[in-house]
K.L.:
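A single structure is presented below for examination.
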Amino acid sequence: MAILVCGGAGYIGSHAVRALLEGGEEVVIVDNLLTGFAEAVPPGAEFYAVDVRDSEKLGAIFQKHDIGEVMHFAASSQVGESVVKPLFYFNNNVYGMQSLLETMVRHGVGSIVFSSSAAVYGEPLVTPIDEKAPIAPKSPYGESKAIMEKMMRWVGAAHKIRFASLRYFNVAGAIEGGAIGEAHAPETHLIPIVLQVPLGQRRNVTVFGDDYDTPDGTCVRDYIHVCDLVDAHLLALDYLRRGGESDRFNLGSEKGFSVMEIIRAAESVVGRIIPFSIGPRRAGDPDKLVASSEKAKKILGWTPRLTAAEEIIQSAWKWHSARPLGYKHNDQNKLKDQNRNEH
Ligand code: UFG
């Protein structure tokens, strides 16, 4: 039996693929390479450059391989972009889920581990955020993930599909050794942006607002190392294999770091001053987002290990300093152009 990893050439998916292969699993990857990189796919996995929305091609892959389970990472994931292009997000994410679930039903595949997001909670009133917090997304991206969760619930009930929906907080870092890592074009995430300064790709960092209701006035987020996140996926797979009921789990380190704390930690990792300026608030940023991951700890037996800001940034730095322009093929030019346009 093989595990189908949708989005296995992306940042988190490619880390999960490696962990699955190390665990002796047979892995089949489907990725349309819109934001993923063929170079991130390791030998040992069967790779198809196919879009999950292409149900004919997806069906042929289910036909060819004995797919027993699915891990679904394939989605567009930029909050700001989703506000400008909501229909694209609903098409790629929601319709992608529709096509995947239809194919799973047709082929009798009954379990799925799904990449959800803390974005489903919007701006929660209570911190830390547990799974009982209201679902109130503030962006088409968050809405698409909330809808995808609901689709799994309804389709799962009708067709005996069980799911583990993993609601990620701020994912960062890279695999030990720095062979793969985060590469987005455009890059919007704080840690890679901060590290662009010591890489010589950016003169300074703009801190989006310093008048939030936090100790130093800058936004607080819960940064979770990608390898800890992947551990939770393996545990969720195991949970479903043991007959676990469909459920949702928050995945964060339960620690909050402010934007300024991340800049300071990055300075200590790279041994250089990272100049910054204070800019206006970014629309839609809540003051503080910190997870309660008690449920994942209790039910899945998960323990995040790399929770210090310096540890997370150190592993990201290893990847970015080894591969300043990310992956090799033509997406490299996309990244170059993006970096150029931003200064
Ligand atoms: N920030 C800056 N300057 C920058 C970039 C970011 O100050 O140049 C700040 C942001 O305003 C925010 C913090 O750094 O306060 C973290 O921002 P990111 O863009 O790295 O991450 P977000 O918290 O906005 O988003 C993350 C995930 C999303 C997910 C969301 C859930 O990346 O996919 O959490 O709330 F939807």
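Bear in mind that the values here come from a model prediction, so they are computed numbers and not experimental data. Residue numbers start at 1 and run along the sequence shown. Just so you know, ligand 1 is whichever comes first in the structure, and atom 1 is the first atom listed for that ligand.
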K.L.:
Heavy-atom contacts with Tyr141 under 4.0 Å: which atoms of ligand 1 show up? List them by number with element.
P.N.:
33 (O), 36 (F)
K.L.:
Quick test: of every protein heavy atom, which one is nearest to atom 3 (N) of ligand 1, and how far off is it to 0.1 Å?
P.N.:
Thr206 O, 2.8 Å
K.L.:
Write down the atom of Ser246, the atom of Arg162, and the distance for their closest heavy-atom approach.
P.N.:
OG-CA, 3.3 Å
K.L.:
Between Leu190 and ligand 1, which part of the residue brings a heavy atom under 4.0 Å of the ligand: side chain, backbone, both or neither?
P.N.:
both
K.L.:
Any donor-acceptor pair under 3.5 Å linking the side-chain atoms of Tyr89 with those of Glu81?
P.N.:
yes
K.L.:
Quick check on contacts: which atoms of ligand 1 are under 4.0 angstrom from a heavy atom of Ile193?
P.N.:
8 (O)
K.L.:
Using every non-hydrogen atom in the two residues, find where Ile161 and Ile112 come nearest and quote the distance to one decimal.
P.N.:
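Shortest heavy-atom separation between Ile161 and Ile112 comes out as CG2-CG2, 3.9 Å.
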K.L.:
Tell me: protein heavy atom nearest atom 15 (O) of ligand 1, and distance?
P.N.:
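The closest one turns out to be Cys219 CB, 3.0 Å.
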K.L.:
Among Asn204, Val120, Thr218, Asn170, which one puts a heavy atom closest to atom 26 (C) of ligand 1?
P.N.:
Asn170
K.L.:
At a non-hydrogen distance cut-off of under 4.0 Å, which region of Ala119 contacts ligand 1 (side chain, backbone, both, or neither)?
P.N.:
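For Ala119, backbone and side-chain atoms both sit under 4.0 Å from ligand 1.
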K.L.:
Please work out, at 4.0 Å between heavy atoms, whether the side chain, the backbone, both, or neither of Ser77 comes within that distance of ligand 1.
P.N.:
backbone
K.L.:
Looking only at protein heavy atoms, identify the closest one to atom 24 (O) of ligand 1 and say how far it is in Å.
P.N.:
Arg282 NH2, 2.6 Å
K.L.:
Under 3.5 Å between any N/O of Ser117 and any N/O of ligand 1: does that happen in this structure?
P.N.:
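N/O-N/O distance under 3.5 Å: no.
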K.L.:
For Thr214 and Thr218, indicate whether the former's side chain and the latter's backbone hold a donor-acceptor pair under 3.5 Å.
P.N.:
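Checked: pair present.
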K.L.:
If we ignore hydrogens and angles and just use 3.5 Å, is the side chain of Glu261 paired with the main-chain N or O of Ser258 as donor and acceptor?
P.N.:
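Confirmed, Glu261 side chain pairs with Ser258 backbone.
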K.L.:
Would Ala118 count as being in polar contact with ligand 1, using the rule that some N or O on each side must be under 3.5 angstrom apart?
P.N.:
no
K.L.:
Is any side-chain N of the basic residue among Lys138 and Glu143 closer than 4.0 Å to the acidic one's carboxylate O?
P.N.:
no
K.L.:
List the closest protein heavy-atom neighbour of atom 9 (C) of ligand 1: residue, atom name, distance to the nearest 0.1 Å.
P.N.:
Val259 CG2, 3.7 Å
K.L.:
Select the closest option to atom 2 (C) of ligand 1 among Tyr223, Phe276, Phe208, Tyr212, judged by heavy-atom distance.
P.N.:
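Nearest heavy atom to atom 2 (C) of ligand 1 lies in Phe208.
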K.L.:
State whether Tyr212 and Arg281 meet the cation-pi test: NZ (Lys) or CZ (Arg) under 6.0 Å from the six-membered ring centroid, and within 45° of the perpendicular axis.
P.N.:
yes
K.L.:
What do you think, any protein heavy atom under 4.0 angstrom from atom 29 (C) of ligand 1?
P.N.:
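Under the 4.0 Å cut-off, atom 29 (C) of ligand 1 does have protein heavy-atom neighbours.
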K.L.:
At a non-hydrogen distance cut-off of under 4.0 Å, which region of Val79 contacts ligand 1 (side chain, backbone, both, or neither)?
P.N.:
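For Val79, only side-chain atoms sit under 4.0 Å from ligand 1.
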K.L.:
In the protein, which heavy atom is nearest to atom 32 (O) of ligand 1, and how far is it?
P.N.:
His189 NE2, 2.8 Å
K.L.:
Would you mind telling me if ligand 1 is within reach of the side chain of Leu289, the backbone, both or neither, using heavy atoms under 4.0 Å?
P.N.:
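For Leu289, the contact with ligand 1 is made by the side chain alone.
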K.L.:
Which ligand 1 atoms are under 4.0 Å away from a heavy-atom of Thr188?
P.N.:
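Numbered from 1, ligand 1 contributes 5 (C), 19 (O).
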K.L.:
Are Arg305 and Asp231 within salt-bridge range, i.e. N to O under 4.0 Å?
P.N.:
yes
K.L.:
Check for a donor-acceptor pair, side chain of Asn93 on one end and backbone N or O of Ala75 on the other, with a separation under 3.5 Å.
P.N.:
no
K.L.:
Got a donor-acceptor contact below 3.5 angstrom from the Ser315 side chain to the Ala174 backbone?
P.N.:
yes
K.L.:
Is there side-chain contact between Val70 and Ile3, with at least one heavy-atom pair below 4.5 Å?
P.N.:
no
K.L.:
Between Phe169 and ligand 1, which part of the residue brings a heavy atom under 4.0 Å of the ligand: side chain, backbone, both or neither?
P.N.:
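Answer for Phe169: neither.
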K.L.:
Could you tell me whether a side-chain N or O of Asp228 sits under 3.5 Å from a main-chain N or O of Ser253, the two making a donor and an acceptor?
P.N.:
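Answer holds: no.
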K.L.:
Measuring from Glu131:CD to Arg248:CZ, what's the distance to the nearest 0.5 Å?
P.N.:
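Between Glu131 CD and Arg248 CZ, I get 10.0 Å after rounding to 0.5 Å.
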K.L.:
I need the nearest protein heavy-atom contact for atom 11 (O) of ligand 1: residue, atom name and distance, please.
P.N.:
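Going by distance alone, atom 11 (O) of ligand 1 is nearest to Asp285 OD2, 2.5 Å.
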K.L.:
Output the list of atoms in ligand 1 that are nearer than 4.0 Å to some heavy atom of Val207, sorted by atom number.
P.N.:
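Once the distances to Val207 are compared, the set is 7 (O).
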